[in-house]
Student: 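Here it is, the structure, as C-alpha coordinates.
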Amino acid sequence: MIPQRVRDRSITPLSIDERDEIATAATAAERSNRPASLVVLAGLVFVIACAIVVVLATRQASARSEVDRLTGEIEQLRELVIELEVAKSDQPTLPESEPILARIETIATEVGIEEQLSLNNTGKTDIAPGIVVARGSYNLNHDDLGEVMEWLRRVTTEIEGVEATRTSFTPRRNDWKIEVTFERYEQAN
(Lines give C-alpha, C1' and ligand atoms only; values in the text may rest on other atoms or scores of the structure.)
Protein backbone atom coordinates (compact mmCIF):
# COMPACT_ATOMS: atom_id res chain seq x y z
CA MET A 1 0.00 0.00 0.00
CA ILE A 2 1.29 3.45 -0.90
CA PRO A 3 1.44 6.04 1.89
CA GLN A 4 -1.34 8.59 1.90
CA ARG A 5 0.66 11.74 1.63
CA VAL A 6 2.91 12.33 -1.25
CA ARG A 7 6.38 13.39 -0.39
CA ASP A 8 9.25 14.63 -2.25
CA ARG A 9 11.73 11.86 -1.85
CA SER A 10 14.73 13.86 -2.58
CA ILE A 11 14.06 16.11 0.34
CA THR A 12 12.52 14.03 3.12
CA PRO A 13 13.49 10.43 3.82
CA LEU A 14 10.81 7.76 4.41
CA SER A 15 9.99 6.57 7.85
CA ILE A 16 10.49 2.96 8.89
CA ASP A 17 6.73 2.29 8.83
CA GLU A 18 6.45 3.71 5.34
CA ARG A 19 9.35 1.55 4.19
CA ASP A 20 7.71 -1.57 5.68
CA GLU A 21 4.42 -0.72 3.93
CA ILE A 22 6.17 -0.31 0.59
CA ALA A 23 8.13 -3.58 1.08
CA THR A 24 4.95 -5.44 2.00
CA ALA A 25 3.15 -4.05 -1.06
CA ALA A 26 6.09 -4.99 -3.28
CA THR A 27 6.18 -8.53 -1.89
CA ALA A 28 2.44 -8.95 -2.47
CA ALA A 29 2.76 -7.67 -6.03
CA GLU A 30 5.66 -10.02 -6.67
CA ARG A 31 3.63 -13.03 -5.41
CA SER A 32 0.67 -12.13 -7.57
CA ASN A 33 2.93 -11.90 -10.64
CA ARG A 34 4.41 -15.37 -9.99
CA PRO A 35 1.57 -17.94 -9.60
CA ALA A 36 2.71 -21.05 -7.69
CA SER A 37 0.00 -23.25 -9.21
CA LEU A 38 1.63 -23.01 -12.65
CA VAL A 39 4.98 -24.08 -11.18
CA VAL A 40 3.37 -27.01 -9.36
CA LEU A 41 1.47 -28.01 -12.51
CA ALA A 42 4.66 -27.87 -14.60
CA GLY A 43 6.47 -29.99 -12.00
CA LEU A 44 3.65 -32.51 -11.96
CA VAL A 45 3.66 -32.78 -15.77
CA PHE A 46 7.45 -33.28 -15.67
CA VAL A 47 7.17 -36.10 -13.09
CA ILE A 48 4.42 -37.86 -15.09
CA ALA A 49 6.45 -37.53 -18.30
CA CYS A 50 9.49 -39.05 -16.56
CA ALA A 51 7.38 -41.95 -15.26
CA ILE A 52 6.00 -42.62 -18.76
CA VAL A 53 9.51 -42.58 -20.24
CA VAL A 54 10.70 -45.11 -17.62
CA VAL A 55 7.73 -47.43 -18.25
CA LEU A 56 8.19 -47.25 -22.04
CA ALA A 57 11.93 -47.90 -21.74
CA THR A 58 11.25 -50.94 -19.54
CA ARG A 59 8.68 -52.31 -22.00
CA GLN A 60 11.04 -51.76 -24.90
CA ALA A 61 13.84 -53.60 -23.12
CA SER A 62 11.45 -56.46 -22.30
CA ALA A 63 10.22 -56.62 -25.90
CA ARG A 64 13.79 -56.57 -27.19
CA SER A 65 14.78 -59.48 -24.93
CA GLU A 66 11.68 -61.42 -26.04
CA VAL A 67 12.54 -60.82 -29.71
CA ASP A 68 16.11 -61.98 -29.06
CA ARG A 69 14.84 -65.11 -27.32
CA LEU A 70 12.42 -65.93 -30.14
CA THR A 71 15.10 -65.26 -32.74
CA GLY A 72 17.34 -67.77 -30.94
CA GLU A 73 14.54 -70.36 -30.89
CA ILE A 74 13.87 -69.83 -34.59
CA GLU A 75 17.55 -70.32 -35.33
CA GLN A 76 17.59 -73.54 -33.27
CA LEU A 77 14.49 -74.79 -35.12
CA ARG A 78 16.11 -73.94 -38.45
CA GLU A 79 19.20 -75.96 -37.47
CA LEU A 80 17.03 -78.89 -36.35
CA VAL A 81 15.14 -78.85 -39.66
CA ILE A 82 18.44 -78.88 -41.54
CA GLU A 83 19.67 -81.80 -39.40
CA LEU A 84 16.39 -83.64 -40.00
CA GLU A 85 16.67 -83.15 -43.76
CA VAL A 86 20.26 -84.41 -43.70
CA ALA A 87 19.23 -87.39 -41.57
CA LYS A 88 16.37 -88.19 -43.95
CA SER A 89 18.68 -88.18 -46.93
CA ASP A 90 21.27 -90.37 -45.14
CA GLN A 91 18.77 -92.79 -43.56
CA PRO A 92 17.86 -95.93 -45.44
CA THR A 93 14.20 -96.23 -46.20
CA LEU A 94 11.99 -98.66 -44.33
CA PRO A 95 11.52 -102.04 -45.95
CA GLU A 96 8.77 -102.26 -48.47
CA SER A 97 5.72 -104.20 -47.43
CA GLU A 98 6.29 -107.78 -48.50
CA PRO A 99 4.64 -111.08 -47.65
CA ILE A 100 6.62 -111.99 -44.56
CA LEU A 101 4.06 -114.44 -43.18
CA ALA A 102 5.16 -117.16 -45.62
CA ARG A 103 8.80 -116.57 -44.63
CA ILE A 104 7.92 -116.89 -40.91
CA GLU A 105 6.18 -120.21 -41.57
CA THR A 106 9.12 -121.45 -43.69
CA ILE A 107 11.56 -120.71 -40.86
CA ALA A 108 9.28 -122.59 -38.43
CA THR A 109 9.43 -125.66 -40.68
CA GLU A 110 13.23 -125.33 -41.05
CA VAL A 111 13.79 -125.38 -37.26
CA GLY A 112 11.58 -128.45 -36.76
CA ILE A 113 8.16 -127.04 -35.93
CA GLU A 114 5.95 -129.32 -38.00
CA GLU A 115 2.64 -128.27 -36.49
CA GLN A 116 0.39 -125.95 -38.37
CA LEU A 117 0.91 -122.35 -37.22
CA SER A 118 -2.41 -120.71 -36.47
CA LEU A 119 -2.41 -117.11 -37.63
CA ASN A 120 -4.88 -115.27 -35.37
CA ASN A 121 -4.59 -111.60 -35.93
CA THR A 122 -3.00 -109.64 -38.74
CA GLY A 123 -3.25 -106.02 -39.59
CA LYS A 124 -1.56 -102.71 -40.16
CA THR A 125 -1.77 -99.56 -38.09
CA ASP A 126 -0.84 -96.11 -39.41
CA ILE A 127 1.55 -94.41 -37.00
CA ALA A 128 2.84 -91.53 -39.16
CA PRO A 129 2.34 -90.31 -42.71
CA GLY A 130 3.74 -93.01 -44.96
CA ILE A 131 4.62 -95.42 -42.11
CA VAL A 132 2.60 -98.37 -40.79
CA VAL A 133 3.16 -101.11 -38.24
CA ALA A 134 2.40 -104.54 -39.71
CA ARG A 135 1.41 -107.09 -37.09
CA GLY A 136 0.83 -110.85 -37.07
CA SER A 137 -0.04 -113.11 -34.11
CA TYR A 138 0.59 -116.87 -34.12
CA ASN A 139 -0.68 -119.64 -31.84
CA LEU A 140 0.91 -123.06 -31.77
CA ASN A 141 1.30 -126.10 -29.56
CA HIS A 142 4.80 -127.59 -29.44
CA ASP A 143 6.75 -129.79 -27.08
CA ASP A 144 10.31 -128.46 -27.66
CA LEU A 145 10.96 -124.94 -26.35
CA GLY A 146 14.46 -124.99 -27.88
CA GLU A 147 12.99 -125.22 -31.37
CA VAL A 148 10.52 -122.43 -30.59
CA MET A 149 13.30 -120.17 -29.28
CA GLU A 150 15.40 -120.88 -32.37
CA TRP A 151 12.37 -120.01 -34.54
CA LEU A 152 11.94 -116.69 -32.69
CA ARG A 153 15.67 -115.90 -33.00
CA ARG A 154 15.82 -116.64 -36.72
CA VAL A 155 12.63 -114.73 -37.54
CA THR A 156 13.90 -111.60 -35.74
CA THR A 157 17.40 -111.80 -37.24
CA GLU A 158 16.72 -113.04 -40.78
CA ILE A 159 13.68 -110.95 -41.67
CA GLU A 160 14.62 -107.29 -41.76
CA GLY A 161 12.86 -105.13 -39.15
CA VAL A 162 10.74 -107.90 -37.57
CA GLU A 163 10.47 -107.91 -33.77
CA ALA A 164 8.70 -110.32 -31.42
CA THR A 165 6.71 -107.82 -29.35
CA ARG A 166 4.62 -110.26 -27.31
CA THR A 167 5.30 -113.84 -26.32
CA SER A 168 3.36 -116.15 -24.03
CA PHE A 169 4.34 -119.67 -23.00
CA THR A 170 1.76 -121.76 -21.14
CA PRO A 171 2.74 -125.26 -19.98
CA ARG A 172 0.27 -128.05 -20.65
CA ARG A 173 0.33 -131.78 -19.90
CA ASN A 174 2.41 -132.91 -22.94
CA ASP A 175 3.46 -129.68 -24.64
CA TRP A 176 3.45 -125.89 -24.51
CA LYS A 177 0.81 -123.48 -25.76
CA ILE A 178 2.70 -120.60 -27.36
CA GLU A 179 1.40 -117.24 -28.51
CA VAL A 180 3.74 -114.88 -30.40
CA THR A 181 3.10 -111.46 -31.95
CA PHE A 182 5.51 -110.19 -34.59
CA GLU A 183 5.63 -106.54 -35.68
CA ARG A 184 7.53 -104.61 -38.32
CA TYR A 185 7.56 -100.96 -39.43
CA GLU A 186 6.85 -100.63 -43.13
CA GLN A 187 6.25 -97.98 -45.72
CA ALA A 188 2.59 -97.48 -46.45
CA ASN A 189 1.43 -98.51 -49.91
Side-chain angles (χ1 to χ4, degrees), residues 35-111 113 117-140 145 147-170 177-189:
S37 61
L38 289 178
V39 173
V40 170
L41 180 63
L44 186 61
V45 168
F46 178 73
V47 169
I48 291 172
C50 287
I52 289 173
V53 167
V54 168
V55 168
L56 291 177
T58 304
R59 284 187 180 173
Q60 182 183 12
S62 173
R64 183 173 293 139
S65 68
E66 182 69 13
V67 166
D68 291 343
R69 184 186 66 79
L70 290 174
T71 302
E73 286 182 11
I74 289 171
E75 191 59 36
Q76 287 176 345
L77 287 174
R78 183 176 292 132
E79 290 173 5
L80 288 174
V81 167
I82 290 171
E83 288 177 18
L84 179 64
E85 292 299 323
V86 168
K88 279 184 181 178
S89 65
D90 291 345
Q91 185 179 29
T93 59
L94 293 173
E96 292 288 334
S97 179
E98 62 182 39
I100 62 169
L101 302 178
R103 181 74 180 122
I104 291 173
E105 292 173 7
T106 301
I107 293 173
T109 304
E110 289 173 0
V111 297
I113 299 174
L117 297 178
S118 172
L119 183 61
N120 284 347
N121 188 5
T122 62
K124 294 184 179 186
T125 304
D126 291 333
I127 59 166
I131 300 174
V132 297
V133 175
R135 185 173 291 114
S137 295
Y138 287 95
N139 287 341
L140 70 135
L145 282 182
E147 291 176 352
V148 173
M149 296 307 288
E150 178 64 15
W151 173 58
L152 292 173
R153 185 193 67 76
R154 284 191 55 193
V155 166
T156 56
T157 56
E158 292 179 14
I159 303 175
E160 183 181 0
V162 173
E163 297 177 0
T165 58
R166 184 181 154 282
T167 57
S168 171
F169 298 89
T170 307
K177 178 181 177 184
I178 301 155
E179 296 175 12
V180 179
T181 301
F182 294 107
E183 288 184 356
R184 178 170 89 161
Y185 291 94
E186 299 177 349
Q187 291 179 348
N189 294 336

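Throughout, numbering of the chain's residues begins at 1 and tracks the sequence.
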Student: So how far is it from Thr125 OG1 to Tyr185 OH, rounded to the nearest 0.5 Å?
Tutor: 10.0 Å
Student: Could you give the distance from CD (Glu73) to CD (Gln76), rounded to the nearest 0.5 Å?
Tutor: 7.0 Å
Student: Would you say Trp151's side chain and Ile104's backbone share a donor-acceptor pair under 3.5 angstrom?
Tutor: yes
Student: Quick one: CG on Leu44 to CD1 on Ile48, what's the gap to the nearest 0.5 Å?
Tutor: 4.0 Å
Student: If you compare all heavy atoms of Glu147 against all heavy atoms of Ile113, which two are closest, and at what distance to 0.1 Å?
Tutor: O-CD1, 4.1 Å
Student: Do Asp68 and Arg64 come within less than 4.5 Å of each other through their side chains, counting heavy atoms only?
Tutor: yes
Student: Between Val162 and Arg184, what is the shortest heavy-atom contact and its length?
Tutor: CG2-CD, 3.8 Å
Student: Would you say the side chain of Gln60 lies within less than 4.5 Å of the side chain of Leu56, judging by non-hydrogen atoms?
Tutor: no
Student: Going through the checks in order, is the side chain to side chain contact (heavy atoms under 4.5 Å, CB included) test met by Ile159 and Ile107?
Tutor: CA-CA 10 Å; Ile159 303 175; Ile107 293 173; 4.2 Å; yes
Student: Measuring from Glu179:CD to Thr167:OG1, what's the distance to the nearest 0.5 Å?
Tutor: 10.0 Å
Student: So, Arg135 side chain and Thr181 main chain: donor-acceptor pair closer than 3.5 Å or not?
Tutor: no
Student: Check the surroundings of atom CZ in Arg59: do more than 12 heavy atoms from other residues, nucleotides or ligands lie under 6.0 Å from it?
Tutor: no
Student: The test is side chain to side chain contact (heavy atoms under 4.5 Å, CB included); show your working for Glu75 and Thr71 and say whether it passes.
Tutor: CA-CA 6 Å; Glu75 191 59 36; Thr71 302; 5.7 Å; no
Student: Ala164 and Val180: which non-hydrogen atoms are nearest, and at how many Å?
Tutor: CB-CG1, 4.5 Å
Student: Is there a side-chain contact between Phe182 and Leu152 (heavy atoms, below 4.5 Å)?
Tutor: yes
Student: Please confirm whether the backbone N or O of Val54 pairs with a side-chain atom of Thr58, one donor and one acceptor, at under 3.5 Å?
Tutor: yes
Student: Can you tell me how far the CD atom of Glu183 sits from the OG1 atom of Thr156, to the nearest 0.5 Å?
Tutor: 13.5 Å
